[in-house]
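The structure under discussion appears below in the form of structure tokens.
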2 protein chains.
Amino acid sequence: MNLKELSHLLGLSQTTVSRALNGYPEVSEATRARVVAAAQKHSYSPNTRAQGLATGLSRCIGHVISVNDSGEMVNPIFGDFMAGAGETYAAHGYDMMVTRVGQADEADIYRNLKARGAVDGLVVHAPRKNDPRLPLLTEIGLPFVVHGRSTGATVDYSWLDVNNRRAFRDAAAYLTSLGHRRIALINGQEELDFAIRRREGFEAALAEAGIAVDPALMARGEMTEDYGHACAARMLDAQDPPTAFLAASIICASGVRRALDERGLRPGADVSIATFDDCLSYFGNGSTVPVFTAMQSSVRAAGATLAQMLLDRIDDPTGPHQQTLWEAEFVIGASTDKVKD
Amino acid sequence: MNLKELSHLLGLSQTTVSRALNGYPEVSEATRARVVAAAQKHSYSPNTRAQGLATGLSRCIGHVISVNDSGEMVNPIFGDFMAGAGETYAAHGYDMMVTRVGQADEADIYRNLKARGAVDGLVVHAPRKNDPRLPLLTEIGLPFVVHGRSTGATVDYSWLDVNNRRAFRDAAAYLTSLGHRRIALINGQEELDFAIRRREGFEAALAEAGIAVDPALMARGEMTEDYGHACAARMLDAQDPPTAFLAASIICASGVRRALDERGLRPGADVSIATFDDCLSYFGNGSTVPVFTAMQSSVRAAGATLAQMLLDRIDDPTGPHQQTLWEAEFVIGASTDKVKD
DNA sequence: CAAAGTTGTCAAAGCGCTTTGGAATGCGCA
DNA sequence: TGCGCATTCCAAAGCGCTTTGACAACTTTG
């Protein structure tokens, strides 16, 4: 069923039917009602591609997930982010496209997305320091918003970020206030901007407490459960082990916890763990009392909000950039306690 | 840059340029080389929508993720599955579209996807028993493949599934062989077909060992960490607690483990845990020796294979259906041991 | 009652591509 | 020289939609 057939059926022109369906005022309400009913009855929906060709818009948003060439790590927050963003898109009649890309051909992919007119805009995930994507996208004129920020960016851009520096500073300060002085940071990959900020926050808190940073207590890497476990195991088995851990994600933290359990150490009572919590739907932080002391911020909410920011930007590509900083909520759970001596 | 401009630049007709780029034989190699070079230089890529309109194909695959209306659970395997599928799509020049859908308007969404010509085919996730989507998609003529199977389906269809029944039968049998007789099943939602099969396998193994099933030791629900923890906590605190657990996913299992830890019980030595493992990239099952005794099957590989099956099907929509059953690999880890008495 | 404005509708152009059905060109061969 | 046959290229139609500009058919106004 297409426009032509439908308009024939109704004895109207394609113009009128199109206008009736798209809410233009030049068509009488009686006609509109008749058209809408017929469209419903014959389950007519305009062909996406034809509509896009005619309007010059794709009504589609791109999400480029970069897969680093070495590992084949998929970001665990991806699903929840998409669920949040998808809600917003659906409400505005947008589709959502996902493109996988290695880092080698990164620029090509973005250029291609633009050249093909495949998307009207896109969300930049996992921004790095001096991320080359921001100037690139600005140059080729593809509207975008960034989940996070990029230190050293030479262009202005829209972003939504969590105050990672503050969150980690506060969490580390909380641990020092409990008397901990051997605090380990199990950080994400420090190519990523948020990980840099987290480290800075961590170091600031230590400095404030007059504690020297110990490189042996700072790890960086892909935030898997196994990574959390391996780092914690190594540190706990070393001489002068940490009495507290600061983990980059609840999945990491769960690996840290496993390392404690293996050694007969109880989280909280023996060794403290604090973690960042993205509020993943499949990995909550306990239902009643929080399992982990955590800095939490919903990645799903971030997805929904960023999607809205992007749609706004597509509506008005020359308007001012929206820049939003969320504070993580700090909750105290069962995994931290005064240092044991 | 579009075809018209490019052909003007080259002093050729649009036809010739289009044919040159699409590898048609009617154009001389010299001309083709010249055209390809120019396209490269001006970074020309055909407009997706125009191309689609002309060919009648979208070169896009849909993935519909159903979000159940109550909870807002996102399937943790989603990211890894998409990463696998995306690789295949990219290699064949296909895009990947994600649509979020509640269960209420499910049929509408699928119909709409077809009517709009938004996708050339799609992957059905999380099939249920007698899943209405299979006859629906067959009726509206949208090629699809199913990740899993649907008991009671009235139509023939292509699928790839893991032998869940066998996997859970074997794992349960392994536990009984270790002397366990109080074995708990922490299952997924039993609306989902795979969960039904798992339960059947579990029950079969118990029957073979002459053990009566105890409803108090069988849970079903969304496979979150918290769910695994809550079920295990409840069962362990009851009188006559289980001596072994069979968990539906490694995330669930990790919740079960937490319940053990809280109670000072050691996995393996005190209480055994076996689990299904989807080989998620961010939640491996230990790097050297497996943490959990597990039935493992890579969901990422499933994504890649299913994508290929779908592309085959789109190529030849009337051909025979491909139906593939994978056996999970059973690995023995540190989380199981002889029953303690 | 003619002129001017409103309202509801339409024919046709155009979005950027593919593809059909020719049409030139060059070549060998009679 | 002239004919047939590849080879190489092209003009134009068409994919399904939106949108411009025009036009009837009615109202309103002076």
Side-chain angles (χ1 to χ4, degrees), chain A residues 1-36 38-39 42-60 93-95 111-120, chain B residues 1-36 38-39 42-60 93-95 111-120:
Chain A
M1 173 62 58
N2 58 22
L3 229 208
K4 198 192 220 170
E5 286 173 44
L6 187 65
S7 49
H8 256 129
L9 236 60
L10 284 161
L12 292 171
S13 76
Q14 297 189 33
T15 310
T16 303
V17 174
S18 169
R19 300 210 128 139
L21 292 173
N22 291 326
Y24 280 70
E26 299 93 330
V27 50
S28 72
E29 277 314 314
T31 310
R32 190 192 306 281
R34 205 158 64 89
V35 169
V36 168
H42 298 91
S43 68
Y44 165 77
S45 293
N47 181 292
T48 306
R49 297 184 301 278
Q51 201 167 29
L53 188 56
T55 57
L57 297 170
S58 63
R59 306 224 71 169
C60 184
Y94 273 78
D95 287 319
R111 280 219 152 78
N112 193 251
L113 240 28
K114 168 70 177 181
R116 290 164 52 214
V119 299
D120 291 342
Chain B
M1 172 63 57
N2 58 22
L3 229 208
K4 197 191 221 170
E5 287 173 44
L6 187 65
S7 49
H8 256 129
L9 236 60
L10 283 160
L12 292 171
S13 76
Q14 296 188 33
T15 310
T16 304
V17 174
S18 169
R19 302 210 126 140
L21 292 173
N22 291 326
Y24 281 70
E26 299 93 330
V27 50
S28 72
E29 277 314 315
T31 311
R32 190 191 307 282
R34 206 159 62 88
V35 169
V36 168
H42 298 91
S43 70
Y44 164 77
S45 292
N47 181 292
T48 305
R49 296 184 301 277
Q51 202 166 29
L53 187 55
T55 57
L57 297 170
S58 64
R59 305 221 70 163
C60 185
Y94 273 78
D95 287 319
R111 280 219 152 78
N112 193 251
L113 240 29
K114 167 70 177 184
R116 291 164 53 214
V119 300
D120 291 342

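Letters A, B, ... are given to chains in the order of the sequence lines, protein chains preceding strands, and every chain is numbered from 1.
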Please report the distance, rounded to the nearest Å, between [atom1] in [X] and [atom2] in [N].
| X | N | atom1 | atom2 | result |
| --- | --- | --- | --- | --- |
| A:Gln14 | D:dC17 | CD | C1' | 8 Å |
| A:Asn2 | D:dG14 | CG | P | 15 Å |
| A:Tyr44 | D:dC17 | OH | C1' | 7 Å |
| A:Leu53 | C:dC17 | CG | P | 9 Å |
| A:Leu6 | D:dC17 | CG | P | 9 Å |
| A:Gln51 | D:dT18 | CD | C1' | 9 Å |
| A:Leu3 | D:dG14 | CG | C1' | 16 Å |
| A:Leu12 | C:dA11 | CG | P | 11 Å |

Does the side chain of B:Thr15 come under 3.5 Å of the side chain of B:Ser18 through a donor N or O and an acceptor N or O? no

- Query: Hey, what do you get for CG (B:Asp95) to SG (A:Cys60), rounding to the nearest 0.5 Å?
  - Reply: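 Going from CG on B:Asp95 over to SG on A:Cys60, the span is 8.0 Å.
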
Taken to the nearest 0.5 Å, the spacing of B:Leu53 CG from B:Thr48 OG1 works out to 12.5 Å

>> Tell me whether the side-chain N or O atoms of A:Thr15 pair up with the base of D:dT19 as donor and acceptor below 3.5 Å, since no angle test is needed here.
In response: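 Yes, the side chain and the base share a sub-3.5 Å donor-acceptor pair.
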
>> Determine whether a donor-acceptor pair (one donor, one acceptor, N or O, separation below 3.5 Å) exists between the side chain of B:Thr16 and the base of D:dT8.
In response: no

Task: Which nucleotide in D:dC17, C:dT9, D:dA11 has an atom nearest any side-chain atom of A:Val27 - done: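 Minimum distance to the A:Val27 side chain belongs to C:dT9.
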
Which nucleotide sits closest to the side chain of A:Ala54: C:dT19, C:dG16, C:dG14?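 The closest nucleotide is C:dG14.
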
Strictly below 4.0 Å: does [X] bring a side-chain N or O up to OP1 or OP2 of [N]?
| X | N | answer |
| --- | --- | --- |
| A:Ser18 | D:dT18 | yes |
| A:Asn22 | D:dT18 | yes |
| B:Ser28 | D:dT7 | no |
| B:Tyr24 | D:dT7 | no |

- Message: Within the 4.0 Å heavy-atom criterion, would you say B:Arg19 contacts the bases, only the backbone, or no part of the nucleic acid?
- Response: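 Result for B:Arg19 = base.
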
Scan A:Glu26 against the nucleic acid and name what it touches under 4.0 Å (heavy atoms): base, sugar-phosphate only, or nothing. base

field: Residue A:His42 excluded, over 12 heavy atoms near NE2 under 6.0 Å
entry: yes

Checking the side chain of A:Asn22 only, and the main-chain atoms of A:Tyr24 only, is there a donor and an acceptor separated by less than 3.5 Å?
no

